[in-house]
Amino acid sequence: MSLFPEIIRIMAYVVGVLAFVGLNAAFLVWLERKVAGHIQRRIGPKEVGPFGVLQPVADGIKLISKQLVVPAQADSLLFRLSPVLTMTLAVTVFVVLPFGPSLVARDINIGLLLIFAFLSINVLALFIGGWGSNNKYAVVSAIRAVSQNVAYEVPMLIIVITMVMITSSMNLNVIVSQQGNLLQWHIFPWNGSILSPLAFLIFFVCTLAETNRAPFDLGEAESELVAGFHTEYSGMGFGLFFLGEYASVFVGCALASILFLGGWQCPLGIMPGVHWMLIKTYLLVFVVIWVRWTFPRTTLYGLLNLSWKVLVPFSLVILLVTAAQLKMPWPF
Amino acid sequence: MSGYFKEIYDGGKSLLVGMGITFRYMVQPVVTLQYPHETVPMTPRFRGHIDLACDQAGNHKCIVCGTCQRNCPSGCISLKGEKPEGAKKKLLIAYQLDFTKCSLCGTCVESCPTDALIFSKNYNLAGLSGQEFILDLLKRQEERSK
Amino acid sequence: MSDLAVDPSCETFVLNMGPQHPATHGALRIKLVLDGEYIVEAEPVLGYIHRMHEKMGENRSYLAFMPNTGRLDYLSALSYNHGYVSVVERAAGIAIPERAEYLRVITVELNRISSHLLWLGAFVLDLGGFTPLLYTMDDREQLLDLLESVTGSRLTYCYFRFGGLYNDVDDNFGPGARAFIKRMRRRLPMYHKLISKNVIFRQRLEGIAPVSAEMCRKYGATGPVARGSGIAYDVRKHEPYSVYPEFNFDIPVYEQGDSMARYLIRMDEIEQSLRIVEQGLDKLPPGPIMAVKVPKIIKPPKGDYYMAVEAARGSFGIRLVSDGSATPYRLKLRSPCLSNLSLFGEAARGLLLPDAVAFFGSLDLVIPDIDR
């Protein structure tokens, strides 16, 4: 392998991933506002462009044109670092996501591990942002975000371990290629673990909590903490948090569809490709949005109770049952 | 132990019921009105700021008695009348409404002995300075009667 | 309250919730001493929108004070109108035609429903659920259209007059109100399914911030707050005024005293108000809407008069001292929100911040009514 094509390849992927993250955020902002609008029996954005599709662009221009105000007492370095870190981590994760059979920036064997490693550091970005703001609301929010993340990593990782046991691989492309058609999807109880529908549910709930989405948006909690960790951010500082949030929502849903719903594979086994990946992921994103606009917010204690008393025991049971099932031949 | 599972089941069910409701509303038609493009039909009793009423001949009916000015809780009405040489009655020469103070209570309209005041249907009020809301009702009335 | 809170961990900090904060729904400041997220002390700081309504009453004619009454608790302005006209009528000895009394009760109850609907939406918004706000706004819009066609305004009504009403209802009002009753009876079960039965909502309200009947008595809390704590006190039943004795309605009472009880009280009150409106429309007598002999300038005889009405948030009382002149000598307004707020400091002690926000929402406070 010569050096030159490799550089071209890296640059192409960097540009591609960044463009995708931007477009994804724009599309999700639009989708979220449209879905929220119709759930609330109104139209949502409609003035800028056909069906308001250019609304996120208008919002983006507005955000870019705003001054980034750094509060006088804030820790200037941490304050500036946090949004950049959020964004960087979210973008890095895209490197290992397989969008198609060969459409993946880096097809590495520990892709799954890498994603969780980076997603876990994400909470650090929120924390230093909240801490660096020198704002009491932001600090409370940062503390909430950390304890929430600690609680939800556990069941999520147990489920991921279960899936790795079933697929015996951490390479996302290998996991996808095992699920050739609808009947081979890992969500169905006859493929690997009889409890895998439950595993999918737990994974999905954990994704909501991991990405700070409602009903687990304790970090933002606008009626209690004004805007949480990004209270003091203006302009693109806020915009980067926004981009990062939508990017991690996409990553969470993409992971769910890779692990359980066959990723880029077609349900009927014909014409696999990037479109199936996007369809499945955006359907899950739609559910995430739908959930957000239906439920009130939980409290931190309700959330920890749910995690430690329900999700962790259930995921441990799933792990044990799957392990036993893998060691014992069918019928289990 | 059965209580534990029942709680999870009931809780999960209540969440699904809620999602069912919001989904049903999502596919139903919207109920909002797209304001600048469509407007709400105005009720006949809508109370905008006041205006001087026109009779058939296009004249106002004000007799400059000053009841509205006295009764106004906010003191936003000021009117001036003059008795021209030889005339019996006073003639209105200025009627000013300071809309920045008005609370739209309608006391002036009710108390007017000659029903010379009406509510306008003007709700699209916007301006760059407070001065723009000190309305000269006499001028408005003259413009309308033209 | 003392400046030094007795703090368990010696690591408390002060958080000023307000005067601009999304959860206070107005210019109210609550000084919170927090230990982590637990509230050690909560002290409401008032006065940010004090407008001297009582003093204004002392230097203007009786009629000129009317618009002010719609601006105390702007969400149930008609109840306040009702209280004020009633006390002046009582003082001046003006008798009101029956039709006017019925229309007063009907419009006041409709106003109570619209107030509770707005509260419901804002309350769920405090808990982080955005969508129910838009649903309640949709319902409330129907009501406001109805009331606008009668009174001419949508929020700060000024509809009642000494001796009757500003004007009679039109022909569309009866059918419109009945259509609304039918619609609302269909919507209430939906609200219960979407909100009351939701597990997250129940977890956030049940057993949170219990207010004892004792505490309600101590601070003079009335309305849904007191009724949620087991005190079956409603001015409409216990000191009947207007034509309320002729109506058949219940007073919902819950014993628990937690945020859930206060929530359920208001949901039940919407049902009861619908019943009252329905009966009122059935019984509405024909006739004049204005008393024949109402003096142009009202000069009540020398004396001390008091009148309380049941507004959407509790008992609203007006004490009027007249010296026989055309302006009141003293006009004391007893607003329910001030009393209901006063128990916040004691009841919020030891709560978590999000629970305190839920508790605050369940008190249903209108800030301009607190400060007057």
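Lettering follows sequence order; numbering is per chain, from 1.
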Asker: What option among C:Arg71, C:Met137, C:Gln203, C:Met66 has the most heavy-atom pairs under 4.5 Å with chain B?
Answerer: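 Looking at each of C:Arg71, C:Met137, C:Gln203, C:Met66 in turn, C:Arg71 comes out on top.
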Asker: Looking at C:Ile200, C:Thr156, C:Val150, C:Asn68, which has the largest count of heavy-atom pairs under 4.5 Å with chain B?
Answerer: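 Top count of heavy-atom pairs under 4.5 Å with chain B: C:Val150.
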Asker: Is it the side chain or the backbone of B:Ser103 that comes within 4.5 Å of chain C heavy atoms, both, or neither?
Answerer: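 B:Ser103 touches chain C through backbone and side-chain heavy atoms alike.
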Asker: Within 45 degrees of the axis of the six-membered ring of B:Tyr123 and under 6.0 Å from its centre: does C:Arg154 put its NZ or CZ there?
Answerer: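 No, C:Arg154 does not sit over the ring of B:Tyr123.
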Asker: Could you grab the distance from atom CD1 of B:Ile21 to atom OG1 of C:Thr131, nearest 0.5 Å is fine?
Answerer: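 So the CD1 of B:Ile21 and the OG1 of C:Thr131 are separated by 11.5 Å.
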Asker: Tell me, for B:Thr22 versus chain C, whether the close heavy atoms (under 4.5 Å) come from the side chain, the backbone, both or neither.
Answerer: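 Its backbone and side chain both get close to chain C.
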Asker: Tell me, out of B:Thr107, B:Leu15, B:Asp10, who's got the most heavy-atom pairs with chain C below 4.5 Å.
Answerer: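 Answer, by heavy-atom pair count under 4.5 Å with chain C: B:Leu15.
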Asker: Identify which part of C:Phe201 has an atom lying under 4.5 Å from any heavy atom of chain B, answering side chain, backbone, both or neither.
Answerer: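 Interface part for C:Phe201: neither.
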Asker: Taking atom CD of B:Gln131 as the centre, does the number of heavy atoms from other residues, nucleotides or ligands within less than 6.0 Å exceed 12?
Answerer: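 Not more than 12 within 6.0 Å, no.
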Asker: How far does CD1 of C:Ile297 sit from CZ of B:Arg70, to the nearest 0.5 angstrom?
Answerer: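 The CZ atom of B:Arg70 is 8.0 Å from CD1 of C:Ile297, to the nearest 0.5 Å.
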Asker: Has the side chain of B:Ser14 got a donor or acceptor atom that lies under 3.5 Å from a matching backbone atom of C:Val199?
Answerer: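 Indeed, once roles are kept as given, a pair shorter than 3.5 Å links the two residues.
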Asker: Near B:Phe133 CZ, under 6.0 Å, is it more than 12 heavy atoms from other residues, nucleotides or ligands?
Answerer: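 Yes, the 6.0 Å shell around CZ holds more than 12 heavy atoms from other groups.
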Asker: Determine, step by step, whether C:Asp145 and B:Thr43 satisfy the side chain to side chain contact (heavy atoms under 4.5 Å, CB included) criterion, reporting the C-alpha distance in whole Å, the side-chain angles of both residues, the deciding distance to 0.1 Å, and the verdict.
Answerer: CA-CA 8 Å; C:Asp145 284 349; B:Thr43 54; over 6 Å; no
Asker: Counting heavy-atom pairs closer than 4.5 Å to chain B, which one of C:Asp170, C:Thr151, C:Asn167, C:Leu63 comes out on top?
Answerer: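 Ranked by contacts with chain B, first place is C:Asn167.
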Asker: Looking only at non-hydrogen atoms, find the nearest pair between B:Arg45 and C:Glu148 and report the distance.
Answerer: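 Looking at all heavy atoms of both residues, the closest pair is CB-O, 4.3 Å.
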Asker: Quick one: are B:Pro73 and C:Arg60 in side-chain contact, heavy atoms under 4.5 Å?
Answerer: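 Yes, close enough: below the 4.5 Å cut-off.
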Asker: Below 4.5 Å, heavy-atom pairs only: which of B:Ser111, B:Cys105, B:Gly106 has the largest tally toward chain C?
Answerer: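 Max contact count across the listed options: B:Cys105.
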Asker: With rounding to the nearest 0.5 Å, note down the distance linking CG in B:Asn71 to OG in C:Ser61.
Answerer: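 Rounded to the nearest 0.5 Å, the CG-OG separation comes to 6.5 Å.
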Asker: For B:Lys80, does the NZ atom sit with more than 12 other heavy atoms under 6.0 Å from it, leaving out its own atoms?
Answerer: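 Count not over threshold, so no.
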Asker: For C:Lys182, does the NZ atom sit with more than 12 other heavy atoms under 6.0 Å from it, leaving out its own atoms?
Answerer: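 Not more than 12 within 6.0 Å, no.
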Asker: Please classify the contact of C:Asn198 with chain B as side chain, backbone, both or neither, using a heavy-atom distance under 4.5 Å.
Answerer: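 The answer is both parts of C:Asn198.
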Asker: Quick check on B:Glu7: does its CD atom have over 12 non-hydrogen neighbours (other residues, nucleotides or ligands) under 6.0 Å away?
Answerer: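 Incorrect, the count does not exceed 12.
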Asker: Going from OG on C:Ser149 to CZ on B:Phe46, what distance comes out if it is rounded to the nearest 0.5 angstrom?
Answerer: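 C:Ser149 OG to B:Phe46 CZ: 13.5 Å, rounded to 0.5 Å.
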Asker: Are more than 12 heavy atoms, taken from residues, nucleotides or ligands other than C:Asn59, located less than 6.0 Å from that residue's CG atom?
Answerer: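 Yes, CG of C:Asn59 has more than 12 neighbouring heavy atoms, counting only those of other groups under 6.0 Å.
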Asker: For the CG atom of C:Leu134 and the OG1 atom of B:Thr32, what is their distance to the nearest 0.5 Å?
Answerer: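 Answer rounded to 0.5 Å: 9.0 Å.
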